[in-house]
Number of protein chains: 2
Amino acid sequence: MRMTPQRAAIDDLLDQTDDFRTAQQLHAMLAESGESIGLATVYRTLTALAEAGRVDVLRNDDGEALFRRCLQVEHHHHLVCRDCGRTVEIAADVVERWAARIARENGFVEVDHTAEIFGTCAQCAGARYRSHQHA
Amino acid sequence: MRMTPQRAAIDDLLDQTDDFRTAQQLHAMLAESGESIGLATVYRTLTALAEAGRVDVLRNDDGEALFRRCLQVEHHHHLVCRDCGRTVEIAADVVERWAARIARENGFVEVDHTAEIFGTCAQCAGARYRSHQHA
DNA sequence: TTATCTGCAAACATTTTGCAGCGAG
DNA sequence: CTCGCTGCAAAATGTTTGCAGATAA
């Protein structure tokens, strides 16, 4: 993959962004910081990075793709805040073993699995509680 | 929800179908069996059934929604064959406890989680193996 | 009767692609 | 110099919606 200003900008942005973001959000963030990069380029770059295993991809309930710099190289799962997007990476041997066992018991091979937890983080829950008190 | 011929046809089809299918696949299946039902109606009905908890919904890697009659009322997960769609419902206390613990440890509330296993079932794997032998 | 459902077509949102020109190596 | 990358706009896909007419209750 050739290094271009666009690719560098996307890379930098991903470095600065801790949470899962859609391609469109990342594109808008680039625009705000003065980098005028085509949406198609953002998609192409993210797709390439995902294939190279350099970013994590997951889907929200609406079926939109969410991207984020992959911190851990090994397989892992996520705990994501629905409100602010804050994300915690989780290593879960329990889940790995469970998936492997279930697959084996049912005669499935070439197995893969997804396991993500969505919730409201303490900070967002607190903010909501406080705003109710004021109302 | 009013009972209509369309709704009945979709209900019947779901009863006969064990595997996860996209709305478009279900619509095509209805067309093949002579039921000419609008695609929009299929979507509207599936969405309503999903909201009522009468069907399970999950997303494939492309972000498409997959629907299937919900056999177990309680929360559960799925083991899905990538090739033929064959699906096994799985009760997984291990995963429930894992999700609850991780959320608690990180101060998250109102948590929800997804956990699905995708693989190739024994039958499809066997078919592929046999076809390789012939080639 | 009447509120709900249906079908159609148009609208939408996200993502992909064709193509001409630009630029990193 | 060359091949890959970019931007734009158009297309493809999956899904939703507006509306006028049909219909279950």
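By convention in this document, chain letters (A, B, ...) are assigned in the order of the sequence lines, proteins followed by strands, and residues within each chain are numbered from 1.
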Flag for A:His75-A:Glu96: side-chain donor and acceptor within less than 3.5 Å: yes

Should A:Arg69 and A:Asp11 count as an ion pair when the cut-off is N to O under 4.0 Å? yes

Of A:Ile90, A:Asp56, A:Val95, the residue whose pairing with A:His76 passes side chain to side chain contact (heavy atoms under 4.5 Å, CB included): A:Asp56

Candidate pair A:His77 and A:Glu89, rule side chain to side chain donor-acceptor pair (under 3.5 Å), full reasoning: CA-CA 6 Å; A:His77 301 281; A:Glu89 295 197 348; over 6 Å; no

Protein-nucleotides 21-25 of chain D N/O pairs closer than 3.5 Å?
from: D:dT23; atom 1: O2; to: B:Arg2; atom 2: NH1; distance (Å): 3.0
from: D:dA24; atom 1: O3'; to: B:Met3; atom 2: O; distance (Å): 3.1
from: D:dA25; atom 1: OP1; to: B:Met3; atom 2: N; distance (Å): 3.3

Atom CZ of A:Arg7 and atom C1' of C:dC22: how far apart are they, to the nearest Å? 19 Å

Using the test side-chain hydrogen bond (donor to acceptor under 3.5 Å, both in side chains), find all partners of B:Glu35 that sit at least two apart in sequence or belong to another chain. none

Taking the ring of B:His78 and the ring of B:Phe20, is the distance between their centroids below 6.0 Å? yes

Strictly by modelled atom types, are B:Thr120 and A:Glu110 linked by a side-chain donor-acceptor pair under 3.5 Å? yes

When you get a sec, tell me which of D:dG7, C:dG7, D:dT6 is the closest nucleotide to the side chain of A:Thr45? D:dT6

For C:dG7, does OP1 or OP2 lie under 4.0 Å from any side-chain N or O of B:Gln6? yes

Separation of atom CD in B:Glu35 from atom C1' in C:dG7, rounded to whole Å: 15 Å

How long is the line joining CD1 of A:Ile37 and C1' of C:dG23, in whole Å? 15 Å

Once base and sugar-phosphate atoms are separated, protein heavy atoms under 4.0 Å mark nucleotides 9-20 of chain C, 5' to 3', with B, S and - as -----SBBBB--

note: B:Asp61, atom CG; D:dT13, atom C1'; distance rounded to Å ~ 16 Å

Please check if atom CG in A:Asp19 has more than 12 non-hydrogen atoms from other residues, nucleotides or ligands closer than 6.0 Å. yes

